[in-house]
Number of protein chains: 2
Amino acid sequence: MVSIKDIAKHAGVSISTVSYALNGNPKVTEETRKRILAVANELNYVPNAAARTLKKRETRIIGTFLTTFEGSFYGGLLQGMKEIMNKLGYDLVICSGTQSHRMLSEGMLDGAIILDREFSDDELIQHANRGHKLVVLDRELSHENVVQVLLDNKAGATFAMEYLISQGHKKLYAVTGPEGTFDSEQRLAAARQTVERSGLNITYKEIPGNFDKKSGFAAAAQIIAEYDGPAGVFCLNDEMAIGMYDALKETPYRIGEHVHVVGFDHIDIADYVQPRLATVDYSERRWGAVAAEQLIKLIGGKGTAEHERIYVSLITGDSVRPANVNIDG
Amino acid sequence: MVSIKDIAKHAGVSISTVSYALNGNPKVTEETRKRILAVANELNYVPNAAARTLKKRETRIIGTFLTTFEGSFYGGLLQGMKEIMNKLGYDLVICSGTQSHRMLSEGMLDGAIILDREFSDDELIQHANRGHKLVVLDRELSHENVVQVLLDNKAGATFAMEYLISQGHKKLYAVTGPEGTFDSEQRLAAARQTVERSGLNITYKEIPGNFDKKSGFAAAAQIIAEYDGPAGVFCLNDEMAIGMYDALKETPYRIGEHVHVVGFDHIDIADYVQPRLATVDYSERRWGAVAAEQLIKLIGGKGTAEHERIYVSLITGDSVRPANVNIDG
DNA sequence: TTGTATGCGTTATCAG
DNA sequence: CTGATAACGCATACAA
């Protein structure tokens with residue numbers, strides 16, 4: 001490995017001069033700077049990140065933590081983050097799994113964006129207490145080193161339920177996410193509230209789900225078992241809605257006819273299933289970009305980083321049709 | 001920040017004893033070890049990665065480089081890698097963008113897996129020359145520090161073309177990937193060869209594509225413009241095939257009737273489009289796992305890491321039907 | 001404008 | 001079994 005010491009030797013200067021030259025410090029003549037750069041180039045010099053970090057106590061690397069790499073929501077989100085980070089001179093790496101949490105505590109990261117239920121609130125607070133800067137995308141957490149950038153779950157769930165109700169559905173279901181997860185709780189609360197506030201005589205039931213296809217599949221079975229007329233179903237995410245499509249395919253019941261479904265997330269597949277899935281949409285890219293901006297602000301310490309909310313909108317689709325239309329004619 | 005020096009002070013021992021204790025070196029009594037660990041815990045000690053790395057010249061972190069985070073093929077691939085790496089005591093981070101290449105050269109990574117056309121062969125060779133260990137998933141590259149783990153593109157493309165031919169199609173198209181990309185070139189070569197070897201009187205044409213939806217959409221336009229009977233199309237990846245579906249939706253032509261399509265990759269959507277897309281399948285998970293294994297072998301220097309091939313298989317679907325059946329009856 | 005000296009937190013070698 | 005001490009490569013305050 002070639003270090004600045006080697007460069008110094010070859011260029012006939014001291015190592016501090018090399019360091020200055022390499023970092024563009026005006027203390028060194030343009031001339032010697034050029035000479036030193038030439039030598040560095042010739043020797044194939046590459047700075048050593050560990051040494052620099054040890055000294056400067058910063059890596060200019062941000063980590064985003066995901067529960068899993070699987071399930072394809074996050075492309076736009078990460079891309080949005082990356083663009084902002086790169087522009088601001090930071091690099092982004094994506095991590096997953098408890099084992100990788102060490103990167104945060106051991107100081108390999110200048111900050112982190114958390115979208116990962118495997119982090120407990122306690123653990124996050126510990127990290128924040130140690131001075132690490134965090135943005136959370138999946139919970140509410142109050143700490144001077146933490147800012148929240150959250151989806152407007154409440155609005156989304158309200159849109160979804162109001163849509164079903166507006167189409168005349170009186171028998172409603174919600175298929176939930178894993179108990180205790182922030183998104184699930186928030187969406188559920190809003191769904192209930194919407195039903196109550198409607199003032200209509202609505203049957204409303206919740207079926208426990210898990211945010212995965214399988215649980216949507218399972219929920220469909222229950223709905224069919226109880227079937228006694230058109231049902232409106234709010235799947236708290238699209239993946240479960242897709243599971244429901246899969247399940248109904250094997251039965252005489254039809255989506256948008258017997259079972260009316262709204263999802264949440266607007267994943268790619270939603271546009272391709274038959275009939276097209278009604279869902280709640282938001283800009284992943286924007287979400288990522290906002291999160292990145294806030295984190296960098298927090299790290300820089302200048303400008304107050306503030307909690308942010310990401311807006312959502314409803315996308316209609318033929319997976320929901322009026323309850324009182326008799327399709328069979 | 002609390003360092004081993006602080007622990008030493010509090011525990012009334014020297015820093016080297018602390019280091020030994022923390023690293024489980026048997027040189028230190030079980031008793032003092034416990035005492036030191038207790039102190040460390042109490043002081044909330046966390047080791048400093050930069051210092052350790054500077055000394056040991058290893059991070060136990062592997063980087064996987066992707067061209068983009070968008071487009072959701074890679075979930076299974078990354079998950080497969082992660083599982084193996086974690087089992088072997090390594091952490092995995094995902095990187096994207098030229099800016100992040102510095103992580104490799106600056107020594108923040110013990111090795112890297114490359115699936116990213118933004119790395120030129122030259123750049124990779126430079127890294128390899130500096131002693132960095134690499135696994136390439138997207139090209140052929142000979143170097144003692146590089147091993148290849150490649151899809152069996154040739155087999156896949158042959159399956160796809162043979163399938164179209166076996167269904168009696170005589171007018172064939174291939175929609176290509178970006179010029180110069182390994183996957184595209186390999187699949188194309190095999191496609192041509194299959195046509196030639198068939199010994200049949202087949203019209204075969206190539207339409208330049210870009211591995212994205214848009215180019216599939218565009219290719220469809222050309223095929224329709226020339227339409228004079230059933231056409232068989234091998235889209236060199238599924239994404240372009242989906243673009244073709246989108247394009248035909250706006251025309252009177254039907255997939256599996258006028259235009260018969262085979263893709264490559266078996267992405268999620270392939271199972272949900274109507275009619276179901278015939279495609280070439282492989283285990284992403286296995287691909288990732290094999291890549292990870294080979295890289296760790298290469299890093300460890302023990303056992304010879306060897307180039308590997310990932311097998312593929314054909315999944316049929318109604319996007320391809322016999323050419324001579326008159327569906328309109 | 002350039003050089004000298006020191007320390008960042010670890011590991012590891014060598015004496016005790 | 002434990003303690004000094006020298007690196008690792010770099011940045012920087014201070015001296016020249």
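A note on names: the letters A, B, ... follow the listed sequences, proteins ahead of strands, and every chain is numbered from 1. Here the structure is a predicted model, which means the values were calculated and not measured.
- As judged by a 4.0 angstrom heavy-atom cut-off over every strand, A:Thr32 is placed among residues touching the sugar-phosphate backbone only.
- Counting to the nearest Å, the P atom of D:dT12 and the CZ atom of A:Arg52 are 12 Å from each other.
- A:Ile15 comes within 4.0 angstrom of a base, heavy atoms only.
- Contact between the side-chain N/O atoms of B:Thr17 and the OP1/OP2 oxygens of D:dG3 is found at a separation under 4.0 Å.
- Across all strands shown, B:Val46 has heavy atoms under 4.0 Å from sugar-phosphate atoms exclusively, and none from any base.
- Going from atom CG of B:Asn25 over to atom P of C:dT10 covers 16 Å, rounded to whole Å.
- Nucleotide D:dG9 holds its C1' atom 8 Å from the CZ atom of B:Arg57, rounded to whole Å.
- D:dC10 atom P lies 10 Å from atom CD of B:Glu106, rounded to whole Å.
- Closest to the side chain of A:Asn23, from the set C:dT11, C:dT2, D:dA11, is D:dA11.
- Contact annotation: A:Ser3 does not reach the phosphate of D:dG9 (side-chain N/O to OP1 or OP2, under 4.0 Å).
- Nearer the 5' end of DNA chain D, as judged by each residue's closest nucleotide, is the contact made by B:Ala51, out of B:Ala51 and A:Lys56.
- For A:Lys55 and D:dG9, a side-chain-to-base donor-acceptor distance below 3.5 Å is absent, hydrogens and geometry of angles not being considered.
- Side-chain proximity of A:Tyr20 to the nucleotides D:dA11, D:dC8, D:dA13 is greatest for D:dA13.
- Residue A:Ile7 contributes atom CD1, which lies 14 Å from atom P of C:dG3 at whole-angstrom precision.
- B:Ser16 comes within 4.0 angstrom of a nucleotide base, judged by non-hydrogen atoms across all strands.
- Within 4.0 Å of A:Ser19, counting heavy atoms only, lies at least one base atom of the nucleic acid.
- Closest to the A:Lys27 side chain, of the nucleotides C:dT2, D:dC10, C:dC14, is C:dT2.
- With no hydrogens or angles considered, a side-chain donor-acceptor pair links B:Asp265 and B:Tyr282 at under 3.5 Å.
- For the OP1/OP2 pair of D:dT2 and a distance below 4.0 Å, the side-chain nitrogens and oxygens of B:Thr29 include at least one atom meeting the criterion.
- Between the side chains of B:Thr59 and B:Asp110, a donor-acceptor pair is found at a separation under 3.5 Å.
- Candidate nucleotides C:dT2, D:dT2, C:dT10 were compared by shortest atom distance to the side chain of B:Val28, and D:dT2 ranks first.
- For an aromatic pair to be called close, the ring centres must be under 6.0 Å apart, and A:Phe119 with A:Phe65 satisfies this.
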